[in-house]
Amino acid sequence: MSSDNSNRVLYLLKSRGPLGTSALAHALGITEVGVRQHFAKLRREGLVAFDDQAGEVGRPKRMWRLTAKGHARFPDTHGDLTVSLIEGIRSVFGEAGLERLIEARQEAMVATYRRALEVHPDLEVRVGVLARLRTVEGYMAEFEMQEDGTFLLIENHCPICASAKTCQGFCRSELELFQAAFGPDMSVTRQEHLLSGGRRCIYHIARLSCGESQAGDLAPDHESMLRR
């Protein structure tokens with residue numbers, strides 16, 4: 001079996017969420033028998049697991065997903081060292097010092113994103129540019145245009161997850177970062193949040209209408225309705 005195809009199976013489960021055998025076979029361009037062989041190998045390695053979902057007729061549909069070990073194949077680029085540094089900064093300089101660190105990081109990233117986005121007047125192009133920047137940074141980002149002309153920025157991986165779990169300010173900073181990068185005439189809201197039980201982080205980007213707020217998280221009940 002091709003290790004490349006095994007890695008592609010892991011990537012597709014990471015980026016698309018739980019999938020059935022036929023969907024993966026179609027995406028990979030191989031037979032369902034071949035996909036089952038990859039699943040058997042990956043399951044033995046503890047990287048994937050399955051859930052049987054009851055359908056309207058016939059046998060339950062088997063949906064494959066990544067295990068915690070499988071998710072760990074997509075590393076946190078900051079890791080344990082960053083978590084240790086955060087705790088050290090908090091201990092020595094207090095929460096105020098840690099907040100200043102987050103603000104400095106955000107200011108630098110806002111400047112970088114603005115330089116990349118401001119040369120493109122078209123919103124779709126700007127969202128696409130941001131998705132590519134985030135992918136380079138390890139977020140496995142993509143974007144989708146909605147029927148109403150708004151956009152979803154979808155981040156299938158979080159390379160700073162360990163840092164964000166230790167300091168929630170990093171997650172707040174990400175949302176404020178996108179709002180600042182797009183400017184005051186845009187609305188950025190987070191519709192799904194990895195650290196709030198979501199499979200990934202999803203941001204809704206739209207031109208701001210009169211009376212709307214610029215940035216924020218959706219209420220939990222709205223958030224759960226919008227998970228895909």
Side-chain angles (χ1 to χ4, degrees), residues 1-77 79 124 127-128 130-147 150-162 164-165 190-205 218 220-228:
M1 286 185 294
S2 167
S3 60
D4 286 344
N5 274 339
S6 290
N7 288 331
R8 289 175 66 196
V9 168
L10 295 175
Y11 181 88
L12 286 169
L13 292 178
K14 178 66 174 176
S15 60
R16 300 187 185 180
L19 292 170
T21 301
S22 60
L24 270 165
H26 178 74
L28 294 171
I30 62 176
T31 66
E32 292 189 22
V33 172
V35 170
R36 291 191 185 97
Q37 291 175 339
H38 286 292
F39 278 143
K41 170 180 175 290
L42 294 170
R43 190 184 181 200
R44 287 195 300 270
E45 296 173 356
L47 299 173
V48 301
F50 63 82
D51 298 298
D52 288 331
Q53 299 181 355
E56 294 182 359
V57 294
R59 294 181 301 176
K61 185 176 182 180
R62 180 155 293 182
M63 300 296 289
W64 290 86
R65 56 179 170 78
L66 293 181
T67 61
K69 184 177 179 181
H71 281 290
R73 290 287 291 268
F74 301 85
D76 183 330
T77 56
E124 181 174 5
V127 177
L130 180 58
R132 288 194 293 274
L133 289 172
R134 298 291 283 182
T135 293
V136 170
E137 294 170 14
Y139 289 87
M140 292 175 61
E142 56 187 331
F143 74 99
E144 295 178 1
M145 184 175 184
Q146 305 301 285
E147 292 183 359
T150 62
F151 293 89
L152 296 180
L153 175 68
I154 303 165
E155 297 185 337
N156 295 298
H157 180 58
C158 179
I160 65 166
C161 190
K165 287 179 179 177
R190 183 157 45 204
Q191 293 190 341
E192 187 171 340
H193 188 199
L194 186 65
L195 294 188
S196 298
R199 183 174 64 81
R200 54 194 177 175
C201 288
I202 299 179
Y203 299 87
H204 181 255
I205 302 169
L218 293 181
D221 56 333
H222 288 174
E223 180 179 323
S224 61
M225 292 173 60
L226 288 163
R227 286 183 189 150
R228 295 143 32 102

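Predicted model, so just to flag it, every value in this text is computed and none were measured.
- L153 contributes atom CG, which lies 11.5 Å from atom NE2 of H204 (distance to the nearest 0.5 angstrom).
- Under the 4.5 Å side-chain criterion, counting only non-hydrogen atoms from C-beta, R62 is not in contact with T21.
- The side-chain heavy atoms of L10 and V48, taken from C-beta on, include a pair separated by under 4.5 Å.
- For the atom pair CG (N156) and CZ (R199), the distance works out to 6.0 Å, reported to the nearest 0.5 Å.
- With hydrogens and angles disregarded, a donor-acceptor distance shorter than 3.5 Å links the side chain of S15 to the backbone of Y11.
- At distances below 3.5 Å, at least one donor-acceptor pair connects side-chain atoms of T67 with backbone N or O atoms of L47.
- Between E155 and R200, the closest heavy-atom pair is O-CB, 3.1 Å.
- The main-chain N or O of L152 is never found under 3.5 Å from a side-chain atom of Q146 such that the two would form a donor-acceptor pair.
- The shortest distance between side-chain heavy atoms of L13 and V9 falls below 4.5 Å.
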Fill in: Y139/H157 under side chain to side chain contact (heavy atoms under 4.5 Å, CB included): CA gap, chis, key distance, verdict
CA-CA 5 Å; Y139 289 87; H157 180 58; 5.8 Å; no
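- Taking both residues in full, the closest heavy atoms of A27 and R8 are given as O-NH2, 3.6 Å, listed atom of the first, atom of the second, then distance.
- Contact between K41 and S6 at its shortest, heavy atoms only, is NZ-OG, 3.9 Å.
- Using cut-offs of 30° and 60° on the angle between ring planes, the pair W64 and F39 is parallel.
- Residues L24 and H38 are not in side-chain contact: their nearest non-hydrogen atoms beyond the backbone lie 4.5 Å or more apart.
- Taken to the nearest 0.5 Å, the CD1 atom of I205 stands 12.0 Å off from the CD atom of E124.
- Among all heavy-atom pairs drawn from A131 and A141, the shortest one is O-CB, 3.5 Å.
- Taking CG of L42 as the reference point, atom CD of Q37 lies at 12.0 Å (rounded to 0.5 Å).
- Considering only residues two or more places apart in sequence or on other chains, R65 meets the side chain to side chain donor-acceptor pair (under 3.5 Å) condition with D51.
- Atom CG of L66 sits about 7.0 Å away from atom NZ of K14, to the nearest 0.5 Å.
- Shortest non-hydrogen contact noted between H193 and C201 is CD2-SG, 3.8 Å.
- By the salt bridge (charged side-chain N to carboxylate O under 4.0 Å, His left out) test, R43 is found to be paired with no residue, residues two or more places apart in sequence or in another chain being considered.
- To the nearest 0.5 Å, the span separating CG on L12 from CG on L19 amounts to 6.5 Å.
- In this structure the side chain of M145 reaches within 4.5 angstrom of the side chain of F151, judged on heavy atoms.
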